[in-house]
Amino acid sequence: YFDGTPILQWTTQSETNNIGWYVYRAENEDYEYSMQINNNLIPGAGTTSQPTDYIFEDGYTVYPNLSYWYWIEDISSDGSTNIHGPISVTIPEEGYDPESPEIYNAARLYNIPNPFNPVTTIMFDIDGNVSGEVFIYDIKGNLIRKLHDGPVPQSGITWDSKDELGNKVPSGIYLYVLKTEQKTYAKKMVLTK
C-alpha cells in the first residue's frame with residue numbers, strides 16, 4: 001500500500017503457455033465474493049524459463065481500517081486457469097504510517113522518464129541550496145541504494161537501475177527519497193523491462 005493505492009507485485013520463475021492474468025478483490029477471504037478488477041488482461045510471458053515480474057495498481061476505492069483480499073488468475077492458451085492467493089492488505093488510517101518518515105510535498109520531486117528502462121534522472125524543485133541524502137527503496141521498503149550524499153545538484157541525479165553491488169534490479173515500483181535536515185521528500189517511479 002503506497003500513496004493511497006494498493007499495489008500488487010508478483011514474480012513467476014517460469015511460465016508455460018501463459019497468455020495473461022486477471023486480478024480479483026474481495027472484502028473477505030472467500031474467493032466466491034471476489035470481483036475482477038482489471039478490465040484488460042495483463043499480458044503473460046507465454047512460455048519462458050526466465051523470471052518475469054508483474055505489477056498491478058488497484059485503482060478502485062479503498063477505505064481506512066478495512067482489509068482487502070486479492071487473487072491472481074493465470075490464463076493458459078488452451079483456456080485452462082489457475083487461481084493464486086489470497087493475499088491481504090489492511091488500509092491504515094488516513095495519514096498514518098508508523099514505519100515511514102513524515103513526507104512533505106512529494107510533487108517537488110520528479111524523475112524523467114517515468115516509467116523508465118534502464119536509466120532515469122531524479123530532479124529536485126527545491127528552493128535554495130539544499131544538502132541531503134538520496135536513497136532508492138523497493139516498494140516493500142528495502143533499501144536498494146544510497147544514491148547521493150551532499151549538495152543536491154540542480155541538474156538532477158541519474159539512477160541506472162542498479163543496487164549497491166552494481167546488480168541490475170528487477171522491474172517494479174521503486175521509491176526515491178530525499179532526506180534533508182529539515183524535511184523528507186519521497187516519490188514513486190516505475191522500472192519497466
Side-chain angles (χ1 to χ4, degrees), residues 1-11 23 25 42 51-68 70 87-193:
Y1 182 75
F2 177 73
D3 200 20
T5 304
I7 300 168
L8 282 72
Q9 290 185 278
W10 66 98
T11 301
V23 180
R25 184 179 99 175
I42 300 166
T52 305
D53 298 308
Y54 296 91
I55 300 170
F56 177 78
E57 293 190 26
D58 179 0
Y60 285 86
T61 302
V62 293
Y63 298 97
N65 297 320
L66 288 182
S67 295
Y68 299 88
Y70 294 89
I87 59 165
S88 66
V89 61
T90 300
I91 307 304
E93 287 282 346
E94 187 172 336
Y96 177 74
D97 187 352
E99 297 179 7
S100 296
E102 190 172 358
I103 304 296
Y104 293 89
N105 195 4
R108 301 188 79 182
L109 297 181
Y110 60 98
N111 67 298
I112 302 170
N114 188 21
F116 68 98
N117 177 20
V119 176
T120 190
T121 300
I122 300 167
M123 305 297 292
F124 308 92
D125 181 16
I126 298 172
D127 297 330
N129 296 323
V130 175
S131 288
E133 299 173 306
V134 177
F135 300 91
I136 306 293
Y137 295 90
D138 67 17
I139 197 67
K140 295 179 182 177
N142 300 311
L143 177 65
I144 299 299
R145 186 171 172 185
K146 182 176 182 178
L147 203 57
H148 180 80
D149 187 357
V152 176
Q154 294 294 321
S155 59
I157 298 170
T158 299
W159 184 44
D160 58 3
S161 66
K162 292 181 181 176
D163 64 15
E164 291 282 1
L165 301 175
N167 300 315
K168 289 277 191 183
V169 297
S171 60
I173 297 173
Y174 292 88
L175 308 178
Y176 50 104
V177 177
L178 168 62
K179 293 182 180 180
T180 70
E181 286 186 8
Q182 295 80 26
K183 298 179 181 180
T184 297
Y185 303 85
K187 197 105 183 245
K188 66 181 175 180
M189 58 184 165
V190 178
L191 170 61
T192 61
K193 290 190 178 177

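As a basis for the values below, the full set of heavy atoms in this structure was taken, side chains included, without hydrogen atoms, waters or symmetry mates.
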Inset, instruction - Answer whether the closest heavy-atom distance between the side chains of Y68 and P6 falls below 4.5 Å. - result: no

Inset, instruction - Determine the minimum heavy-atom distance between T192 and P115, stating which atoms define it. - result: CG2-CB, 3.7 Å

Inset, instruction - Enter the distance from T61:OG1 to L66:CG here, rounded to the nearest 0.5 Å. - result: 12.0 Å

Legend entry - T121 side-chain N/O to I157 backbone N/O, donor-acceptor pair under 3.5 Å: no

Inset, instruction - Using a 4.5 Å cut-off on heavy atoms from C-beta on, say whether the side chain of R145 contacts that of V169. - result: no

Legend entry - Matching residue for Y174 among W159, Y137, F116, F135 - test: ring-ring contact (aromatic ring centres under 6.0 Å, His included): W159

Legend entry - Distance in Å, L165 CG paired with I144 CD1, rounded so as to fall on 0.5 Å steps: 10.5 Å

Legend entry - Heavy-atom donor-acceptor pair, D160 side chain to P118 backbone, under 3.5 Å: no

Legend entry - Test item: K187 and N114 side chains (from C-beta on) under 4.5 Å apart, heavy atoms: no

Inset, instruction - Spell out, as yes or no, whether a donor-acceptor pair under 3.5 Å connects the side chain of N111 to the backbone of P113. - result: yes

Inset, instruction - Look at the side chain of E164 and the backbone N and O of K146, then say whether any donor-acceptor pair between them is shorter than 3.5 Å. - result: yes

Legend entry - Approximate separation, where rounding is to 0.5 Å, of I122 CD1 and L178 CG: 9.5 Å

Inset, instruction - Identify the heavy atoms of I136 and L147 that sit nearest to each other, and give their distance. - result: CD1-CD2, 4.0 Å

Inset, instruction - May I ask you to decide if the ring planes of W10 and Y54 are parallel, tilted or perpendicular, using 30° and 60° as cut-offs? - result: parallel

Legend entry - Minimum-distance pair of heavy atoms, taken over all atoms of P153 and F124: O-CD1, 4.1 Å

Inset, instruction - For residues L191 and S161, report the shortest heavy-atom separation together with the two atoms involved. - result: CD2-CB, 3.8 Å

Inset, instruction - Write down the atom of T90, the atom of S67, and the distance for their closest heavy-atom approach. - result: OG1-OG, 2.6 Å

Inset, instruction - Supply the atom-to-atom distance I173 CD1 to E57 CD, rounded to the nearest 0.5 angstrom. - result: 4.5 Å

Legend entry - Atom pair CG/CG of D163 and L143 - distance to nearest 0.5 Å: 10.0 Å

Legend entry - Shortest non-hydrogen contact from K162 toward K168: CE-CE, 4.0 Å

Legend entry - Residue pair L8 / R25, side-chain heavy-atom distance below 4.5 Å: no

